[in-house]
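Every chain is numbered from 1, with letters handed out A, B, ... down the list of sequences. Values reported hereafter were calculated over all heavy atoms of this structure, with side chains retained and with hydrogens, waters and symmetry mates removed. If you're wondering where the values come from, they're calculated on a predicted model, not measured in any experiment.
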Amino acid sequence: MGRYILTRIGWGIVTLLAILTLFFLARLTGDPVRLLLPDQATQADVEAMRNALGLNGPLIEQYWTFITGALTGDVGDSIRQQRPALELVLERLPATLELAISSFLLGFIAALGLAVAGEISGNRKLRSALLWAATFRQSVPPYLFGILLILILSVNMGLLPAIGRSSLASYVIPVLTMATFEVALYLRLFNTFFDEMRANDWVRTAIAKGVSRPRLVVRHMLPNALLPVITVAGLNLGILVGGTVVLEMVFNWPGIGRLIVQGVTQRDYPIVQAGVVVTATVFILINIVVDLLYALLDPRVRLA
Amino acid sequence: MTDAVSTAPRRQRLRMNLSLIVSLTMLLTVLLLIVVVPLWPGFEPDKQSLFFSLEPAFQNPQYPLGTDALGRDLLSRVSVAARVSVLVALGAVSISAAVGILIGLVAGWLRGPVDSALMAIGNIQLAVPVVLLLIVLVAALGSSPLLLVVLLGLVNWVGYGRVVRAQVVSLREREFITAVTTAGGSGWWIMRKHLLPNVLPAVFVLAAFDVGVIITVESSLSFIGLGIQPPTPSLGLMISEGQRYLQTNIGLTLLPALVIFFLIGGIQFASQTLTKNPRRG
Amino acid sequence: MTRFPLTRRALLASTAAILATFAVSPTFAQPDSTVTAALVAEPTSLNPIYDTGLPALNVFYNVFDQLTGIDETGAVVPRLASDWSHSDDLKTWTFTLRDGATFHDGSPVTVDDVLFTYETAMNDPTSRLGGYLSTVDDITADGSDIVFTLNIPYAPFDRQATLVPIVSKSAYEQMGAEDYARKPVGSGPYMVESWVNGDTITLKRYDAYWGDAGEYETVVFQPVPDETTRANSVQSGDLDIALLGPSSVPAVEGSGSAEVIDQQSNRVVYLGYNATSAWLDDPEFRKAIDMALDRQLLSDRLLNSAVEPASQLVAKVSFGYTPDIAPTSYDPDAAKSLVEASGYDGASIPLTYPNSGLPQVDQVAQAVAFFLSEVGVNVTLDPQEASTFSNTWFSGGLSGLYIFAFAPSVMDADLPFNMLLRTGGQGYANNADIDALLDKEIGEADADARAATLAEISSIVTAETYYSPLFIDTYSYAVTPGLDWTPRPDGMIVFN
């Protein structure tokens, strides 16, 4: 198990290095200094910046400076805010993580609960209704759902805050928007695997032997479905995090996504770089956790 | 309780048919919007007439669904926007599929270090969220519709690559491939003649679902102003413009929103008829 | 289709009990209350030496004092300087520092602090504030007097002084520029309590303020760049004050959950020409474009009559406005024949504009492009991120047509004219007559004479069509009902 974890972490570091290298290569295309400096910069400013960044040295040396700088957390100062870019990004990270993690947990647990309840009840109509509701929700992109929730709950009814993250209430609409999307996704997945299992011989045998339905679903069917659902959850994370970026714009949420979009439009390159590296790191960590969960649930993986 | 299980197959078929009907209705509606509206004599997506700004729906026969703030015909614009979104998504998915098939075939056939390297590249790419990657690329390279298609296509090949590779790996151990190899068939020939036809069905299923995903991604990008740029209409852009009038002219937002809903819903409800969801990897 | 099915009334009826508890909450101006106001963008720094943008200036107006201030009518009033005078040649200005003003750390405001602020700004080439002070040759202290020696006669220098917030020398040196930018120490009615990046800037009332006390215990500034989000957030109760886009005004007025307060602004939105680029170097061609714009329709229809057609580069509330010039009348036929006469070959001309910060600017740009296409001129839209655009504009790098605005917080035509018209400035007029008139007006101590010279400049701009002023903006604010707050023509949100 220890070796397995080490391998996963090793892969994570390789991935990060690769992303950094890609960034380094991207910097080489076009003049990075022109991107880094405001438009009214003079040629003298450009030269000064080149020297400051060590861009006049040999490539290998530049690469080494870049990678070591990035790995020690020094990606330079934000051009607009004149503060270390990494510091700015890390200040914004909690807001994004709160939103992403709370909606994931809420969504996943609700989906699990609904799927299990539907399966235990054995009521086809209930299951079907849940499935239809889930598909409807999945057909509305999160940003659109968010706009409509704000219109109804905040603007028309004045019940909940529309922006910011000042109070607990201000989490409700953003989390609801994300979580309902995730409920829909995982509910449909659980349902698919339950459907598959229901036709299996061991389920029929268990029913014939008089195993109670709640026990059958919770003790036997659920653990089997959990495994593939977690895999898909790990793979879908990218899309969900991407969705958060857009939602942060809708809810004026002070997270990392809005910062990166702002960095991109203002050509604040260090911010973008720090943002992408931090997001990728978080992402890799989450994937390692998913892999570990997987290994815990399925002993065969350890041998692989 | 056991009754529910035993009658499952019959009821299930019934449900599948209903969702298929819903799906087809949704997709056909959008198809009609895209194909038929441009034939209508009043089709003028770019013509402004500020004098008729924000005309409500069903009031003026010249503008059956009303106008936007610049007095442009909403029906015409939403038709063009739907066309743009669908074409962007189809183009992007074709590119993803083509790149994914190529990489998957090569990786699965050659195995060894080439395979490891290609799949590692895929894993690395998956470590950056797609929307984030697109935002950075669009900012660096621009966002003309054509470029957007290419970028959307290139960031999304990994799923196809993995599926194709997995299939090729299992196929190449099969007898008929081994037979062809021993008979002296070249690698490329085997890939084209024997492997490609076998992997295509899985690729098509994946591509069908991806169209919905790409429509969501493109409309999100356009919504935050980093996708399709005005004056070209796109669904996300129309929603972003219409949002200003949400309380007074909700139609401006609702119309493009419905088209998105029909497009994604059409694909999602179709997926409900298939028992399996697309699983990548 | 025009109304959302969930009407307010239906929802209210079903949830009356819940809502009743929320209905009592609107913030009235109480001495101990909190007020939350939206900024249209987040300041990049709270160090006044480096950030001179309007969002930052808005915070500075609450946190800092300047030597002089601008009141709600646009007049110059004393602030840290209790009194000031100038020599007859307008080249020597003497400001007398008032007694009793203290910084938020309790230390008194001295002439040293004033000298330090001006000198730091003038000596650092990267200081944006220093850019406003190019006319200052020398600054010295004489008891409680500060004496400025200028290199040219400069009539509105007392207005210029409103742009320079006075920093605390000891705090600035102790904290260093970087930390000071996070939590500056000023002498204004409010002090900075915290700045949560991307979210809020929280100010607390400074009880020992020498002047009009702050009306609120706590002031929260929240950057909300999106117009619609601002409108929504006042209606939902998250914000108390927010600038609206013209299209949001009817919705907010009709909602009943917020009031709309209008204030005629100092901002003119204009169409600019790079008068040195192809086709636009022909004054007749520029005139054709000018006549092709239907300003009235634009104002009435697209912008909800919330603005009025503009005739010149300064707004009615600013010094230097002349009523003698009328907005250009819409005349597409004359425009078309002028375009034909110019020999224009149909080449596409870029229309660059900032994608945020101006009212409905994307729609205005599309409307302008359409007006021009109707008279045969082809335009390519080129939206840029606001700060990128502003840099391009500042460096004179715009290649064709552009849309931008000028809102001089000094409320005087001198600043916009110098930037937009003087050769070597941010415009493309390169007109020796204008340069000469600018040199003349700045030295005119008599206000009427100066106004006449400024009017003369405006008439040259009109005759040569160096710019096509589009409309004078109205600042419409959504405000929590009952809130006691007065808007200002310079768009600053101030709470004392």
Q. Chain A heavy atoms under 4.5 Å from Gln384(C): which part of the residue, side chain, backbone, both or neither?
A. neither
Q: Select, from Ser170(A), Ser154(A), Gly164(A), Ser167(A), the one with the greatest count of heavy-atom pairs under 4.5 Å involving chain C.
A: Ser154(A)
(Q) side-chain contact (heavy atoms from CB on, under 4.5 Å) for Asp199(C) and Glu91(A)? Distances and angles first, verdict last. (A) CA-CA 11 Å; Asp199(C) 197 14; Glu91(A) 261 174 38; over 6 Å; no
Q. Measuring heavy-atom distances to chain C, does Ile163(A) have an atom under 4.5 Å in its side chain, in its backbone, in both, or in neither?
A. both
Q: Go through Arg165(A), Arg83(A), Met249(A) and name the one with the most non-hydrogen pairs under 4.5 angstrom from chain C.
A: Arg83(A)
(Q) For chain A, which candidate among Asn232(C), Val196(C), Thr229(C), Asn197(C) shows the most heavy-atom pairs at distances under 4.5 Å? (A) Asn197(C)
**Q.** Distance-minimising heavy-atom pair for Arg258(A) and Pro223(C)
**A.** NH2-O, 4.2 Å
Q. Looking at CD of Glu42(C) and CG of Leu259(A), how far apart are the two atoms once the value is rounded to the nearest 0.5 Å?
A. 9.0 Å
Q) What are the two closest non-hydrogen atoms of Pro84(A) and Glu178(C), and how far apart are they? A) CD-OE2, 4.2 Å
Q. Looking only at heavy atoms, which two atoms of Ala162(A) and Ser233(C) are closest? And how far apart?
A. CB-OG, 4.3 Å
Q.
Counting only non-hydrogen atoms closer than 4.5 Å, does Ile147(A) touch chain C with its backbone (N, CA, C, O), its side chain (CB onward), both, or neither?
A. neither
Q. When only pairs under 4.5 Å are counted, which of Asp238(C), Asn355(C), Thr228(C) shares the most heavy-atom pairs with chain A?
A. Asp238(C)
